[in-house]
Amino acid sequence: MDAPDPRALHDAVLDWYDVHARELPWRGGSATPWSVMVSEFMLQQTPVARVLPVHAAWLERWPTPAGLAADSTGEAVRMWGRLGYPRRALRLHAAAVAIVDRHDGAVPPSYDDLLALPGVGDYTASAIASFAFGQRHVVLDTNVRRVLARTVTGTEFPAPAVTRAERDVATGLLPDDEATAATWAVATMELGALVCTARQPSCGSCPVADLCAWHAAGFPAYEGPPRRGQAWAGTDRQCRGRIMALAREADSVSSARVEAAWPATEQRERCLAGLVADGLLTQITPGRWALPR
DNA sequence: TAGGCGTGGTC
DNA sequence: TGACCAAGCCT
């Protein structure tokens with residue numbers, strides 16, 4: 001099965017998006033670049049449904065990068081709530097500070113300037129440049145990678161890490177026109193999020209089912225290397241999460257409370273030290289911790 | 001580059 | 001019911 005005709009793919013995906021796009025607060029003409037940027041940080045590994053309320057509260061409190069930059073990192077971590085990976089809150093705060101310092105408080109439109117910000121990698125820089133500024137960029141997130149793996153390459157899942165060949169495919173498929181390219185980026189992501197999903201894709205209602213190489217090949221099962229699992233029970237991650245939950249809920253936390261939450265001494269001490277080293281926690285007195293003031 | 005890093009929902 | 005998954009980044 002050959003790769004589908006690019007124009008047919010474009011037309012089908014763009015037409016589908018025109019009808020089925022979700023209305024999200026960080027989309028549409030009224031969304032500011034800052035709103036887009038905040039959403040991209042929050043959506044790194046966190047589902048849309050959980051991001052929505054936190055994103056709204058965040059923008060109400062800090063409508064601009066300068067507002068966040070003027071507040072403490074601890075407040076950012078507290079507002080982050082239970083989105084997970086709280087270091088993202090730290091990085092978003094640091095990015096806001098950098099935007100004030102280097103870009104007069106305005107989210108920069110340049111991919112390179114965006115990429116230089118803390119917590120911004122290739123995906124996030126491309127996404128902000130594309131979604132907030134309408135530029136033409138390859139936006140390769142997990143959704144787009146899965147859509148291209150299936151429709152173009154004919155495999156159920158993409159490789160564990162982005163390959164050169166994969167990037168070439170995405171680049172070759174990017175529409176020439178800037179505005180169309182930006183819509184293509186968000187439309188392919190949306191298709192992956194709503195239809196071409198990881199576990200039970202809705203091929204019956206997919207606009208490109210008749211163009212899809214994986215479909216044409218009879219849905220061959222994934223044969224690549226095993227995909228990375230995430231250990232959880234008993235890990236440092238769980239321990240750190242437990243401690244951070246305590247710290248978010250109170251002005252400060254005693255060592256007795258931490259000990260009750262995580263009895264294993266060695267691991268508890270290691271995680272406490274790690275959280276302090278990461279800037280997520282401060283030791284305010286011997287045996288008492290708090291979010292950074 | 002592989003592994004660490006939160007949290008909760010789904011089937 | 002316990003894997004698997006969710007708009008990744010950093011070291």
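To find a chain, count down the sequence lines: A is the first, B the second, and so on, and within it residues start at 1. Since this is a predicted model, take the numbers as computed values, not measurements.
Put simply, CD on A/Gln45 is 10 Å from C1' on B/dG6, counting in whole angstrom units. Atom CG of A/Asp278 and atom P of B/dC5 are 9 Å apart (whole Å). Between the P atom of B/dC5 and the CH2 atom of A/Trp232 lies a distance of 10 Å, rounded to the nearest Å. In this entry the distance linking CG of A/Leu90 with P of C/dT11 reads 12 Å, nearest Å. In this structure, the CD atom of A/Gln230 is 16 Å from the P atom of B/dA2, given to the nearest Å.
A/Ala198 comes within 4.0 angstrom of sugar-phosphate atoms only, judged by non-hydrogen atoms across all strands, and of no base. At a threshold of 4.0 angstrom between heavy atoms, the contacts of A/Trp80 with the nucleic acid are absent. A/Arg237 comes within contact range of at least one nucleobase, with a heavy-atom separation under 4.0 Å.
Annotation: ring-ring contact (aromatic ring centres under 6.0 Å, His included) contacts of A/Trp262 (sequence neighbours excluded): none.
Taking the six-membered ring for Trp and the full ring otherwise, the centers of A/Trp58 and A/Trp80 sit less than 6.0 Å from each other.
OP1 or OP2 of B/dG8 sits under 4.0 Å from a side-chain N or O of A/Arg82. OP1 or OP2 of C/dA6 lies within a sub-4.0 Å distance of a side-chain N or O belonging to A/Arg146. Remark: A/Thr124 is in phosphate contact with C/dC9, judged by side-chain N or O atoms under 4.0 Å from OP1 or OP2. At B/dG6, none of the side-chain N or O atoms of A/Arg248 fall inside 4.0 Å of OP1 or OP2 (strictly under the cut-off). The side chain of A/Arg88 contributes no N or O atom lying less than 4.0 Å from OP1 or OP2 of B/dG6.
For C/dC5, the base has no donor-acceptor partner in the side chain of A/Arg199 [N/O atoms by modelled type, under 3.5 angstrom].
Both A/Trp62 and A/Val51 sit in one connected hydrophobic cluster of ILVMFWY residues. Membership requires side-chain heavy atoms under 4.5 Å apart, directly or through other members.
Defined by atom type and a distance below 3.5 Å, a donor-acceptor pair is missing between the side-chain atoms of A/Tyr123 and A/Gln44.
A/Asp177 and A/Arg136 are not joined by a salt bridge, as no carboxylate oxygen comes within less than 4.0 angstrom of a charged side-chain nitrogen.
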